[in-house]
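Since the structure comes first, as structure tokens, the remarks are kept for the end.
Because the structure is predicted, anything quoted here is derived from the model rather than measured. Quick note: residue numbers are just sequence positions, from 1.
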Amino acid sequence: MNLDNRFTSYHLDILKEIGNIGAGNAATALSKLLQRKIDMKVPSVRVVDFDEVMDIVGGADRMIVSVFLRVEGDAPGNMFFIMSPTQASRFVRYMTGDEAFDFNTPPYSELAISSVQELGNILSGSYLSSMSDFTNLALYPSVPSIAIDMVGAILSYGLLELSQVNDYAIVIDTTFVDDVAQGEEMKGHFFLLPDPPSFETIFTSLGVPTDET
């Protein structure tokens, strides 16, 4: 399906609204988990082609921490949540209280990996729940897996699986702020790689079919 020139500002506004509601739900869950106030926002949502995906997070050779999961249900696809090692390390320190932890210096403790996995669970569950509410589609995440590697190695599975039949990914930029840390932001990116029919399924459910010119 060719979506060139068919994603309007209205499509992106819907996706951003879904993202903002998901971010609000995730912030509530994280605040309870960390027992401190966390604010989250979605500064931008984009639909990009595969050539842009790796550039967004700094190029194929950049090291990242990634949570990968499979989206199942009415509009299946792949989802990645990606942070830099520095940002992910900061989150683990918040979660565990281990101020010496650093993803730049392996090996990593099981507690650190579990912390990032739980972050992935909360964020993906919140975003997919928000999308389900908007679309009335059944969407649910698989158990997330964690990878610490170069961008190209981590994304290759999701990209190669779909690049022959679909040229687009939805990018949801995410920032969260810990009030205890004096407003310092942590940043990450969601990449939602819908299976080929899923773009149309999602937007048709919203009354905005993508086959319109």
Euclidean distance, [Y] [atom2] relative to [X] [atom1], rounded to 0.5 Å:
{"X": "T175", "Y": "D39", "atom1": "OG1", "atom2": "CG", "result": "9.5 Å"}
{"X": "S31", "Y": "I38", "atom1": "OG", "atom2": "CD1", "result": "5.5 Å"}
{"X": "M131", "Y": "L192", "atom1": "CE", "atom2": "CG", "result": "5.5 Å"}
{"X": "F190", "Y": "F80", "atom1": "CZ", "atom2": "CZ", "result": "12.0 Å"}
{"X": "Q87", "Y": "I64", "atom1": "CD", "atom2": "CD1", "result": "13.0 Å"}

Side chain to side chain contact (heavy atoms under 4.5 Å, CB included) involving [X] - partner list, sequence neighbours excluded:
{"X": "A29", "value": "I122"}
{"X": "A75", "value": "L137, L139, S198, T201, I202"}
{"X": "N25", "value": "I21, S126"}
{"X": "A112", "value": "V92, F101, S109"}

Are [X] and [Y] side-chain neighbours, meaning at least one heavy-atom pair lies under 4.5 Å?
{"X": "I18", "Y": "Y127", "answer": "no"}
{"X": "D173", "Y": "V45", "answer": "no"}
{"X": "T96", "Y": "S115", "answer": "yes"}
{"X": "V48", "Y": "I56", "answer": "yes"}
{"X": "L30", "Y": "M40", "answer": "yes"}
{"X": "Y140", "Y": "L128", "answer": "no"}
{"X": "N121", "Y": "V67", "answer": "no"}
{"X": "K37", "Y": "V177", "answer": "no"}

>> Could you go through V171 and V47, starting from their C-alpha distance and side-chain angles, then the distance that decides it, and tell me whether this counts as side-chain contact (heavy atoms from CB on, under 4.5 Å)?
In response: CA-CA 6 Å; V171 182; V47 178; over 6 Å; no
Mind checking side-chain hydrogen bond (donor to acceptor under 3.5 Å, both in side chains) for [X] and listing every partner two or more places apart, or none if nothing turns up?
{"X": "R62", "result": "none"}
{"X": "K32", "result": "none"}
{"X": "N104", "result": "D102"}
{"X": "N20", "result": "none"}

Return yes if some donor-acceptor pair links the side-chain N/O of [X] with the main-chain N/O of [Y] below 3.5 Å, else return no.
{"X": "Y108", "Y": "I113", "result": "no"}
{"X": "D195", "Y": "P197", "result": "no"}
{"X": "S132", "Y": "A138", "result": "no"}
{"X": "T174", "Y": "H189", "result": "no"}

>> Using the ring-ring contact (aromatic ring centres under 6.0 Å, His included) criterion, which residues pair with F191? Sequence neighbours excluded.
In response: none
>> The criterion is ring-ring contact (aromatic ring centres under 6.0 Å, His included); which residues satisfy it with F91, sequence neighbours excluded?
In response: none
List the atom pairs, with distances to 0.1 Å, where a side-chain N or O of residues 141-152 and a protein N or O form a donor-acceptor pair under 3.5 Å, not counting sequence neighbours.
from, atom 1, to, atom 2, distance (Å)
S142, OG, R70, N, 2.8
S142, OG, R70, O, 3.4

>> Show, in sequence, the C-alpha distance, side-chain angles and deciding distance for M83 and L119, and conclude whether the side-chain contact (heavy atoms from CB on, under 4.5 Å) test is met.
In response: CA-CA 11 Å; M83 302 179 76; L119 174 63; 3.8 Å; yes
> S205 and T135: which non-hydrogen atoms are nearest, and at how many Å?
Replying inline: OG-CB, 3.2 Å
>> Minimum heavy-atom separation for L69 and G120, please, with both atom names.
In response: CD2-O, 4.5 Å
>> Walk me through whether F176 and K187 qualify under side-chain contact (heavy atoms from CB on, under 4.5 Å).
In response: CA-CA 7 Å; F176 40 109; K187 299 180 181 180; over 6 Å; no
> Can you list the residues that meet the salt bridge (charged side-chain N to carboxylate O under 4.0 Å, His left out) rule with K41, with sequence neighbours excluded?
Replying inline: E185
